[in-house]
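A short worksheet on the structure shown next.
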Protein chains: 2
Amino acid sequence: MSEKITIYDIAKKLNITAATVSRALNNNPKIKESTKQLVLETAASMNYKQNKLALALKSGRSNNIGVIVPRIDSNFFASVIRGIEEELYPHGYQVIICQTHENPKRENENLYTLIDAQVDGILMSVTDVTNENDKAFHNVLQKNVPLIFFDRSKHIDGVSSVTINDFKGGYIATKQLINQGCKSIAHLSGDQSLEIFKNRFLGYKQALLDNGITFNEEYVIQSKSSVEAGKNAINILLELETPPDAIFSSSDFAALGAIQELRERNINIPQDFCVAGFSNEPFTKFMELSITSVDQSPLEMGKMSARVFLEQVGKTDTIKIEKKVVLAPELHIRKSTSRTRA
Amino acid sequence: MSEKITIYDIAKKLNITAATVSRALNNNPKIKESTKQLVLETAASMNYKQNKLALALKSGRSNNIGVIVPRIDSNFFASVIRGIEEELYPHGYQVIICQTHENPKRENENLYTLIDAQVDGILMSVTDVTNENDKAFHNVLQKNVPLIFFDRSKHIDGVSSVTINDFKGGYIATKQLINQGCKSIAHLSGDQSLEIFKNRFLGYKQALLDNGITFNEEYVIQSKSSVEAGKNAINILLELETPPDAIFSSSDFAALGAIQELRERNINIPQDFCVAGFSNEPFTKFMELSITSVDQSPLEMGKMSARVFLEQVGKTDTIKIEKKVVLAPELHIRKSTSRTRA
DNA sequence: ATTAACTATGTAATCGATTACACGAAAGTA
DNA sequence: TACTTTCGTGTAATCGATTACATAGTTAAT
């Protein structure tokens with residue numbers, strides 16, 4: 001019923017050895033053309049399928065790569081994975097998915113599981129902001145398995161990364177708010193021990209500086225990436241002595257929450273208050289009051305990460321290859337920051 | 001530098017055989033306690049990692065399962081995958097992702113690639129509506145690899161499935177429109193050779209029947225799941241002699257397009273026209289004019305599919321196990337169909 | 001005619017772990 | 001004492017494919 005056909009079965013049937021069969025299947029030039037044809041036909045007729053596990057064991061390459069993300073059901077990460085899969089598919093690599101749920105322990109487990117599974121490379125967005133998992137990272141590198149960080153990166157020798165210029169993202173978003181005439185701009189940030197949030201914040205700060213706006217510590221709120229967090233932020237900000245007239249949020253979800261709360265209070269957007277987000281989540285475009293947001297080109301980021309992996313895989317150079325790719329963020333200007341109609 | 005430690009290395013160091021090491025590591029009761037401890041300590045100190053490929057080859061089980069979806073960057077599929085991953089993680093299975101991009105040829109390739117990779121099971125949402133790939137499906141089953149369809153299913157002997165009751169989904173969405181006083185309800189359907197779309201359509205039709213509304217062929221439009229398609233549909237429907245006053249769309253994206261086009265024409269929603277969608281995409285909730293939609297509980301669907309897989313894997317019964325799980329759809333009533341404020 | 005050079009294929013080791021079977025030593029039994 | 005168990009470990013086959021090396025049969029070269 002479910003007999004597995006091996007090259008030995010083919011060999012037996014043709015009265016030759018498995019070695020010859022293997023060579024014929026691999027198009028080895030030393031094999032006589034007639035034998036080759038015979039083997040190929042027999043293999044097809046017996047419905048032979050190469051056992052990749054045996055091949056993997058022999059060659060030491062599994063043709064699998066691991067991808068670790070905080071969660072998969074976010075448009076950003078799903079799109080990155082899509083990019084990775086599409087780029088690697090033609091090269092015969094399969095993509096194994098792991099989720100950390102923002103838990104460093106899970107990240108650690110995932111790393112070791114992937115090493116155990118003999119993946120040929122690991123592409124990931126880091127969750128651990130402490131140095132807990134550095135040992136695991138080094139373990140990967142030591143096994144000569146390419147390790148590539150995307151989006152959320154971390155400085156580790158020998159690790160390549162594909163990120164966007166978060167500083168610039170923060171800068172252009174803030175600049176757009178300034179261009180609209182906003183004078184006091186607040187910022188919803190994420191966990192600033194993560195470089196991406198730190199850099200977006202720095203870009204925001206620089207934009208203020210470059211345009212003669214004094215930076216106000218009170219205007220910076222560190223929060224989660226959720227609708228609820230956005231609402232709370234507005235509640236806090238509007239109770240300040242001098243409330244702001246705009247927000248640049250590191251999260252589209254928080255931006256949405258802010259907008260919902262502002263509407264609740266009958267504050268007009270963008271006339272009285274402008275809001276810009278980050279990530280360009282699908283809903284920012286769909287809203288009736290569409291939300292200005294910084295696009296991170298996740299698909300491109302995935303493809304680029306995959307390309308970096310392809311460049312590095314198989315290279316036995318003991319010299320550490322380290323490539324840092326930085327993609328340009330793109331501001332999608334929408335109604336939430338468009339006071340003037342062209 | 002990157003020396004791979006095997007049980008032979010441990011054996012050599014301790015002057016015993018690899019068999020003993022293997023047994024010690026596997027907690028075989030025949031091994032003396034002192035030896036076991038010694039082996040475990042040595043293994044740890046040498047940083048030994050079991051080679052899963054060797055294990056997989058020997059046991060015939062890879063501990064990988066394959067998941068095939070049309071695309072991963074859709075909230076629905078990403079959520080299903082999340083559910084699958086979370087349910088299977090504690091059991092030591094890794095999830096390999098494949099995308100078909102709605103292309104039957106890709107589906108076919110993916111199936112064979114996964115078989116080649118010796119996955120222990122395949123969970124998928126079918127793309128192929130013809131019978132092109134039936135041979136591939138049978139190939140999977142013949143290898144005694146559990147095959148489970150989720151969401152988009154197909155009748156094949158021996159294949160279990162986890163779906164929602166699409167008929168009921170279509171029914172309750174339509175019923176809600178009727179309850180709001182809508183008299184002539186249109187339906188945007190998908191490719192009806194796919195059972196899910198057929199069933200949603202049938203549910204829609206039945207709801208009309210049960211409520212004394214005559215079914216009108218002209219009101220049913222088959223289209224893609226896109227914003228553009230929704231706009232086009234409205235353009236066609238509003239040119240009919242008797243235009244409808246509501247739409248039940250099999251796609252949230254098409255529902256959104258419809259809403260955008262209706263607004264363009266200054267038609268009030270929900271007062272003059274009601275719209276209900278399907279899938280409960282995140283944006284339906286976020287819109288200012290939130291959209292009523294049928295939830296398919298994708299996370300639960302993923303988990304359930306994984307559980308069905310776990311029940312079936314390893315069972316050598318030649319009797320075909322076939323389990324059909326049908327989840328209940330849940331209507332999320334929102335502003336786009338709420339004429340009365342409680 | 002004799003040796004060199006190919007050609008096509010076979011032999012056997014290898015990747016790393018598991019496991020049926022074998023076996024010597026220790027312990028228990030009559 | 002002689003015989004049976006039990007215990008702990010070693011031997012070697014196995015999973016399926018690849019490949020360095022060996023070899024028999026041809027052909028070419030001197």
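Order of the sequence lines fixes the chain letters, A, B, ..., with proteins taken first and strands second; residue numbering starts at 1 for each chain. The shown structure was predicted, so the numbers you read here are calculated from the model rather than taken from an experiment. In what follows, every heavy atom counts, from backbone to side chain, and hydrogens, waters and symmetry copies are set aside.
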Under 4.0 Å between a Lys/Arg side-chain N and an Asp/Glu carboxylate O for [X] and [Y]?
X        : Y        : answer
B:Lys323 : B:Glu311 : yes
B:Glu86  : B:Lys303 : yes
B:Asp9   : B:Lys4   : no

What nitrogen or oxygen pairs link the protein and nucleotides 20-26 of chain D at under 3.5 Å?
from: D:dA20; atom 1: N6; to: A:Arg23; atom 2: NH1; distance (Å): 3.4

Exercise. Any side-chain donor-acceptor pair under 3.5 Å between B:Asn108 and B:Glu132?
Worked result: no
[N] phosphate, OP1 or OP2: any side-chain N/O from [X] under 4.0 angstrom?
X       : N      : value
A:Ser22 : D:dG16 : no
B:Thr6  : C:dG16 : no
B:Gln50 : C:dT18 : yes

As a test of reading the structure: which of [options] is closest to the side chain of [X], going by heavy atoms?
X       : options               : value
B:Leu55 : C:dT18, D:dA17, C:dA8 : C:dT18
A:Thr20 : C:dT9, D:dG8, C:dG16  : C:dT9
B:Lys58 : C:dT18, D:dG16, C:dT7 : C:dT18
B:Asn26 : C:dT9, C:dT18, D:dT18 : C:dT18

Exercise. Relative to the 5' end of DNA chain D, which residue comes earlier, B:Ala54 or B:Ile31, by the nucleotide with the nearest heavy atom?
Worked result: B:Ile31
For this session: Find which nucleotide of DNA chain D each of B:Thr17 and A:Lys49 is nearest to by heavy atoms, and output the residue with the more 5' nucleotide.
Result: B:Thr17
Check the distance between [N]'s [atom2] and [X]'s [atom1] and give it to me in whole angstrom.
X       : N      : atom1 : atom2 : answer
A:Tyr8  : D:dT14 : OH    : P     : 11 Å
A:Leu57 : D:dT19 : CG    : C1'   : 15 Å
A:Lys12 : D:dG16 : NZ    : P     : 12 Å

Exercise. With a cut-off of 6.0 Å (strictly less than), are more than 12 heavy atoms of other residues, nucleotides or ligands near NZ of B:Lys324?
Worked result: yes
Exercise. So, is the end of the A:Arg106 side chain (NZ or CZ) under 6.0 Å from the ring centre of B:Tyr89 and within 45° of the ring's axis?
Worked result: yes
